[in-house]
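Right, one structure below, let's go through it.
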Number of protein chains: 2
Amino acid sequence: MPLEDRREQLLLAAIDVIVERGYADTRITDVAERAGTSPALVIYYFKTRDALLTEALRYSEDSWYAAGVKRLEEIPDAAGQLTEMIAMTCLPSDDPGERGEWRLWLDLWALSPRNPGVASVRHEFDVRWRHAIRDIVLAGQAAGEFAAVDADDFALTLSALLDGMAVQIALEDPDVPPVRAYDLALAFAAGQLGFIPPTER
Amino acid sequence: MPLEDRREQLLLAAIDVIVERGYADTRITDVAERAGTSPALVIYYFKTRDALLTEALRYSEDSWYAAGVKRLEEIPDAAGQLTEMIAMTCLPSDDPGERGEWRLWLDLWALSPRNPGVASVRHEFDVRWRHAIRDIVLAGQAAGEFAAVDADDFALTLSALLDGMAVQIALEDPDVPPVRAYDLALAFAAGQLGFIPPTER
DNA sequence: CAGCATTGACTGAACATTCAGTCTAGATTC
DNA sequence: GAATCTAGACTGAATGTTCAGTCAATGCTG
């Protein structure tokens, strides 16, 4: 019945299906079925299939990021915050859905060159992510926690490293278990910034 | 007319189209048109659309890698070789086609979770790439050029970093021009292994 | 309050299109 | 002349989108 509930319900269904079948193979019928309704309703809420799927991607990434920020805010020191960000990308929680999160990124990337809407979602999130890293670095340097590296360069390098690790994790490469990716990324950050990485998780 | 020529011609046409429209939106008609022939012929050579596209991806990556290896063989020192590998991924040549090379990777990644054939192409290449890095590191260490880091860890980290940079380059992120990606990746490698990066390109 | 009008949520059936793959027959080559 | 190669016409299935309405609730009016 309710207006916003329906939209959200459909978006969640769409995310489910995209993770499962991939963006390209997600039919609106699938989404409708998953949400227990009819294709016509899906079109009723989102004018087109593409609008639905694009919104779903944005919704998913937004939730993921927002949840991360909330966790970050409760961590006092810069090193801890950075560690949490690395964990966010490398160590998928058991929370169902977060497992497939990175697969959405792969779709996002693949779609970006041809789909301006998707491209802007992608770029927006990338910029935000790099800024977050940079801000933490600057704060850490101001507090004397971190060495004096160039914050922008570091942010770009770390975010690229994390993206690369995320690919391996999303594809479940047997040579790159999440914990190893986490350890290596953390080692990089700690080495560059000169902090002691927290012990075993 | 000739057998192998036709196949190759069709594969090249397929690569062109995939780069332009993306894997999902590549129709066999497009490939046929690009090759100046009929859809039926495409099916004649490759039984199915999927077989065509998968082979095209493999073919493209194979050529790219083979060309790289040939160049590497003419470089005597390990540092120079590693630098060349970083350049290979970060600095697309003017050579038409190599520009869109990385977009194929994005498709490859996005397809992998659902398409076993594509997944094995992807994994095969990743393993090969990491091994190549590792071997160069080991050779460099044996020759006293490099510091004594763990070669496998380094290879995994560098390849992830390069993948991440490649994403930005493929998507032409304005904040990450190829040269900057190259400089940062090179700085990382040089820093870890303790060699002096070659000057300006 | 009783009847009427209006609106928003929703649906089933049809439409239109797009494509992968087939079929048949003709050309080329050895 | 047989095998290989090629094209044009076609088909069958899938699927996004439209559309004409149904249904329930809410507001309005006398």
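A note on names: the letters A, B, ... follow the listed sequences, proteins ahead of strands, and every chain is numbered from 1.
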Ionic contact status for B/Arg128 with B/Glu61, cut-off 4.0 Å: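 A salt bridge is absent here (no side-chain N lies under 4.0 Å from a carboxylate O).
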Pairing of A/Asp173 and B/Arg130 as salt bridge, 4.0 angstrom limit: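 Here A/Asp173 pairs with B/Arg130 in a salt bridge, since their nearest N and O are under 4.0 Å apart.
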To the nearest Å, how far apart are [X] [atom1] and [N] [atom2]?
| X | N | atom1 | atom2 | result |
| --- | --- | --- | --- | --- |
| A/Arg49 | D/dT18 | CZ | C1' | 18 Å |
| A/Tyr45 | C/dT11 | OH | C1' | 13 Å |
| B/Leu41 | D/dC5 | CG | P | 9 Å |
| A/Arg27 | D/dG16 | CZ | C1' | 12 Å |
| A/Ile43 | C/dC15 | CD1 | C1' | 14 Å |
| B/Asp5 | D/dC5 | CG | C1' | 14 Å |
| B/Asp25 | C/dT17 | CG | C1' | 15 Å |
| B/Arg6 | D/dT6 | CZ | C1' | 8 Å |

Under 4.0 angstrom between A/Thr37 side-chain N/O and C/dT11 OP1 or OP2: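 Yes, A/Thr37 has a side-chain N/O under 4.0 Å of OP1/OP2 on C/dT11.
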Side-chain N or O of B/Tyr44 closer than 4.0 Å to phosphate OP1/OP2 of D/dT6: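 No, B/Tyr44 has no side-chain N/O under 4.0 Å of OP1/OP2 on D/dT6.
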Contacts of A/Phe125 that satisfy ring-ring contact (aromatic ring centres under 6.0 Å, His included) - sequence neighbours left out: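 With neighbours one apart ignored, the set is empty.
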Return a table of donor-acceptor pairs under 3.5 angstrom between the side chains of residues 35-43 of chain B and protein atoms on other chains or two or more places apart.
{"residue": "B/Ser38", "atom": "OG", "partner": "B/Leu41", "partner atom": "N", "Å": "3.4"}

